[in-house]
Protein chains: 2
Amino acid sequence: MKIEEVAREFDLTKDTLRYWERIGLLPPIRRNTSGYRDYTEHDMNWVYYIQVLRKAGMSIESLIEFVKLFRDGAQTREARKSLLADQRTQLAQQEAEIHKTLKYLDYKIEHWDDHMLGYETERLAYEGKD
Amino acid sequence: MKIEEVAREFDLTKDTLRYWERIGLLPPIRRNTSGYRDYTEHDMNWVYYIQVLRKAGMSIESLIEFVKLFRDGAQTREARKSLLADQRTQLAQQEAEIHKTLKYLDYKIEHWDDHMLGYETERLAYEGKD
DNA sequence: CTAAACCTTGGTGTGAGCTCCAAGGCAAAC
DNA sequence: GTTTGCCTTGGAGCTCACACCAAGGTTTAG
């Protein structure tokens, strides 16, 4: 598949696809005889994966590391699987962070009149358990 | 409180505090007779709020709008309260996005052997209900 | 066969979000 | 009262994550 089609399929620009490949966010894409990128289904899978994880706020740095390890290092089934689990853990931490902030906002809305009381009070609401 | 102390308290740089104020992410801070910023407890509260929401991934743009409305426009209790609720909604959407992605990763780990099957299959796992 | 419509690389531009620096004023310590 | 250190503003510099452009090769449509 040509870059144009991939871009359309995932609603990305061609520039972004080339950029992602350049910085290692995507594996090097195979070229046809004229030097044009030819995306396989497998490549598309990567594009999709990156796109989804980026949308969820995963850092580019982590994703590059993931792609790198996944391709070069972890050759075994289990190693690769555990890399996925690592990604999941990272994301779960982000979710926890957001959840904490939601609790904080709930507190703020609830105890709305105390908004000006002081951030120490608020910090308790933020750090506090559910 | 002086800028240095505030910076230390929240583990931010002085430059960041000034930057945030400049772009409207913080209200204008009162100055003492020598023109130095003098942060009140109320200001600290704002700093804390901004920091927490930023850490959770809330966009600066949204936060600037929030600070602006909160200070200038919405003078009534209820209006201000509903602004907070809006912030909460935005954050809840981010949480939902992450949650969807977690489900996707769970699927990927579970059906790990099909990793190369094709992204359409994966898209179903991502878009699908819990 | 030529023109339009692709593709390539390399380089430059852009906006966000800081970060650092210079020049100069105030303040606390000796 | 001067040195040291903190503060101010204005502006320049920097990194990230693209977006855009130019020059040149290829493929396709007429």
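Keep in mind that this is a model prediction, so the values were computed, not measured. Within every chain, numbering begins at 1; the chains are lettered A, B, ... in the order of the sequence lines, protein sequences first and strands thereafter.
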Have A/Asp43 and A/Thr40 got a donor and an acceptor in their side chains that come within less than 3.5 Å? yes

Taking all atoms of both residues into account, what is the closest heavy-atom pair of B/Tyr126 and B/Lys100, and its distance? O-CG, 3.1 Å

Parallel, tilted or perpendicular: which one describes the rings of B/Trp46 and B/His42, with boundaries at 30° and 60°? tilted

Name the atoms and distances for all side-chain donor-acceptor pairs under 3.5 Å in residues 55-64 of chain B, with sequence neighbours left out.
unit_1  : atom_1 : unit_2  : atom_2 : d
B/Ser59 : OG     : B/Ser62 : N      : 3.0
B/Ser59 : OG     : B/Ser62 : OG     : 2.9
B/Ser62 : OG     : B/Gln90 : OE1    : 3.1
B/Ser62 : OG     : B/Gln90 : NE2    : 3.4

In residues 26-36 of chain B, which residues come under 4.0 Å of DNA chain C by heavy atom? B/Ser34, B/Tyr36

Base, sugar-phosphate or nothing for A/Arg37? Non-hydrogen atoms, less than 4.0 Å. sugar-phosphate

Contact summary for A/Ile109 and B/Lys81, nearest pair of heavy atoms: O-CE, 3.4 Å

So do the side chains of A/Thr101 and B/Leu53 get within less than 4.5 Å of each other, counting heavy atoms only? yes

Can you name the residues that form a side chain to side chain contact (heavy atoms under 4.5 Å, CB included) with B/Ala92, not counting sequence neighbours? A/Leu102, B/Arg88

Do A/Met44 and A/Tyr36 belong together in a cluster built from hydrophobic side chains that touch within less than 4.5 Å? no

Only one of B/Glu9, B/Glu4, B/Glu21, B/Glu5 passes salt bridge (Lys or Arg N to Asp or Glu O under 4.0 Å) with B/Lys14, and that residue is B/Glu4

Using a cut-off of 4.0 Å on non-hydrogen atoms, how would the nucleic acid contact of B/Ile60 be classed: base, sugar-phosphate, or nothing? sugar-phosphate

Touch check for A/Arg22, heavy atoms < 4.0 angstrom, all strands: base, sugar-phosphate only, or nothing? nothing

Span of DNA chain D engaged by chain B, first through last nucleotide within the 4.0 Å heavy-atom cut-off, is D/dC6 to D/dT9

DNA chain D contacts made by residues 2-15 of chain A, counting heavy atoms under 4.0 Å: A/Thr13, A/Asp15

Got B/Phe70 and B/Tyr49 here, is their nearest side-chain heavy-atom distance under 4.5 Å? no

Would B/Tyr39 and B/Phe10 count as a ring pair (Phe, Tyr, Trp, His ring centres under 6.0 Å) if you check the C-alpha gap in whole Å, the side-chain angles of each, and the deciding distance to 0.1 Å? CA-CA 13 Å; B/Tyr39 292 79; B/Phe10 292 102; 9.0 Å; no

Do B/Ile50 and B/Val67 come within less than 4.5 Å of each other through their side chains, counting heavy atoms only? yes

A/Leu105 versus B/Gln87, closest heavy-atom pair with distance: CD1-C, 4.0 Å

Chain A vs DNA chain C, heavy-atom contacts under 4.0 Å, first-to-last nucleotide span, 5' to 3', is C/dC6 to C/dT9

